[in-house]
Amino acid sequence: MATFVEVHPDNPQPRSVAQIVDRIRQGALVAFPTDSGYALGGRLDDRDIKDRIHDIRRLDDRHHYTLLCADFAQLGQLVHIDNSVFRAIKAATPGPYTFILPATKEVPKRLLHAKKKTVGVRTPDHTLSRALLAGLGDPMLVSTLLLPGEEQTPTFGWDVKEALDHVVDIVIDAGDVGTEPTTVVDLSGDEAVIARRGAGDPTPFE
């Protein structure tokens, strides 16, 4: 059964955050709230995390996994950002956007899109997510918690626990969250492509 942890939405208790971070370092898969609904996440360098997310969401080989970053500087270490889109990405960071970009050598090859050698990156504008990243000191491998057949992410932690009690290690509740996933912008080609419309305004990239 998953451990259920309730934290304050605006001021997450440091002790609770530290305990969760320790579990993540030990290989825990966590379901946690972000600025665009719930996400699944864990250590970037843990091979099992990708496989577990893949199985829960029943993903195919075309799926772009996302690296959750603490800030723009950390994001810039993982992907190549062309000068033409630098300002637009920086202006939208942090926020409910996922950007598809060519990966640097810092990203394990197993996390890249098989054909494009790209990866998703984003920086959340959410207190708990940022607290976890700060405690961990490294990016996290994450995926929006969209279960097969669903178009929206869960709103409440207890719903997540009921659905995923035996396949995740920790479920974090930090109050109500939105149900719209991130807006996904593919910037790996010559022109920006809105791959998914979600919580972020796509207008700056159209």
Side-chain angles (χ1 to χ4, degrees), residues 1-50 52-53 56 65-79 90 92-99 106-108 111 120-146 153-182 199-200:
M1 293 179 62
T3 302
F4 188 76
V5 182
E6 292 182 276
V7 299
H8 194 280
D10 301 317
N11 297 291
Q13 298 90 325
R15 182 178 179 183
S16 295
V17 171
Q19 290 173 340
I20 295 166
V21 167
D22 283 344
R23 291 281 304 278
I24 293 173
R25 288 197 179 109
Q26 294 166 18
L29 178 62
V30 183
F32 64 102
T34 74
D35 52 346
S36 57
Y38 267 86
L40 296 169
R43 264 177 44 198
L44 177 63
D45 59 350
D46 190 319
R47 288 181 174 273
D48 289 340
I49 294 298
K50 178 189 173 182
R52 293 174 69 184
I53 292 174
I56 290 171
Y65 288 89
T66 299
L67 309 180
L68 196 69
C69 303
D71 52 35
F72 187 80
Q74 194 175 70
L75 183 150
Q77 295 175 355
L78 301 172
V79 290
K90 199 168 191 316
T93 303
Y97 296 88
T98 298
F99 300 105
E106 298 294 321
V107 182
L111 302 182
V121 287
R122 89 178 199 88
T123 301
D125 187 15
H126 188 276
T127 304
L128 174 64
S129 300
R130 296 174 72 82
L132 293 176
L133 289 167
L136 196 60
D138 291 305
M140 291 176 64
L141 175 64
V142 301
S143 183
T144 301
L145 208 175
L146 281 172
T153 62
T155 302
F156 303 105
W158 279 109
D159 292 335
V160 177
K161 181 170 169 59
E162 183 175 349
L164 302 178
D165 202 16
H166 297 288
V167 290
V168 301
D169 301 305
I170 304 173
V171 176
I172 307 173
D173 187 295
D176 294 357
V177 294
T179 57
E180 278 194 288
T182 58

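Residue numbers count from 1 along this sequence.
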How long is the straight-line distance from [atom2] of [Y] back to [atom1] of [X], given to the nearest 0.5 Å?
X: Leu75; Y: Lys90; atom1: CG; atom2: NZ; answer: 11.0 Å
X: Asp125; Y: Thr127; atom1: CG; atom2: OG1; answer: 8.0 Å
X: Ile56; Y: Leu146; atom1: CD1; atom2: CG; answer: 13.0 Å

Evaluate the side-chain proximity of [Y] to [X]: yes if any heavy-atom separation is below 4.5 Å, no if none is.
X: Leu133; Y: Pro124; answer: yes
X: Arg43; Y: Leu141; answer: no
X: Leu164; Y: Leu145; answer: yes
X: Pro139; Y: Gln77; answer: no
X: Arg122; Y: Asp35; answer: yes
X: Phe4; Y: Asp173; answer: yes
X: Leu67; Y: Leu111; answer: yes
X: Leu128; Y: Pro33; answer: yes

Considering non-hydrogen atoms only, spot the tightest contact between [X] and [Y] and give its length.
X: Arg130; Y: Thr123; answer: NH1-CG2, 3.7 Å
X: Ser36; Y: Thr182; answer: OG-CG2, 3.1 Å
X: Thr153; Y: Gly178; answer: OG1-O, 3.5 Å
X: Val5; Y: Ser16; answer: CG1-CB, 4.4 Å
X: Ala39; Y: Thr34; answer: CB-CG2, 3.8 Å
X: Leu78; Y: Cys69; answer: CD1-SG, 3.6 Å

Leu68 and Leu132: CA distance, side-chain angles, deciding distance, side chain to side chain contact (heavy atoms under 4.5 Å, CB included) verdict: CA-CA 10 Å; Leu68 196 69; Leu132 293 176; over 6 Å; no

Greater than 12 external heavy atoms within 6.0 Å of Gln13's CD: yes

Candidate pair Asp46 and Arg52, rule salt bridge (Lys or Arg N to Asp or Glu O under 4.0 Å), full reasoning: CA-CA 11 Å; Asp46 190 319; Arg52 293 174 69 184; over 6 Å; no

side-chain contact (heavy atoms from CB on, under 4.5 Å) partner of Val168, chosen from Val30, Leu40, Val160, Thr3: Leu40

Side-chain donor or acceptor of Asp169 paired with backbone N/O of Leu29 under 3.5 Å: yes

Side-chain donor or acceptor of Thr93 paired with backbone N/O of Asp71 under 3.5 Å: no

Steps toward side chain to side chain contact (heavy atoms under 4.5 Å, CB included) verdict (Val79, Phe99): CA-CA 10 Å; Val79 290; Phe99 300 105; over 6 Å; no

Test log, rule side chain to side chain contact (heavy atoms under 4.5 Å, CB included), inputs Leu44 and Asp138: CA-CA 8 Å; Leu44 177 63; Asp138 291 305; over 6 Å; no

Phe32 and His126: CA distance, side-chain angles, deciding distance, side chain to side chain contact (heavy atoms under 4.5 Å, CB included) verdict: CA-CA 11 Å; Phe32 64 102; His126 188 276; over 6 Å; no

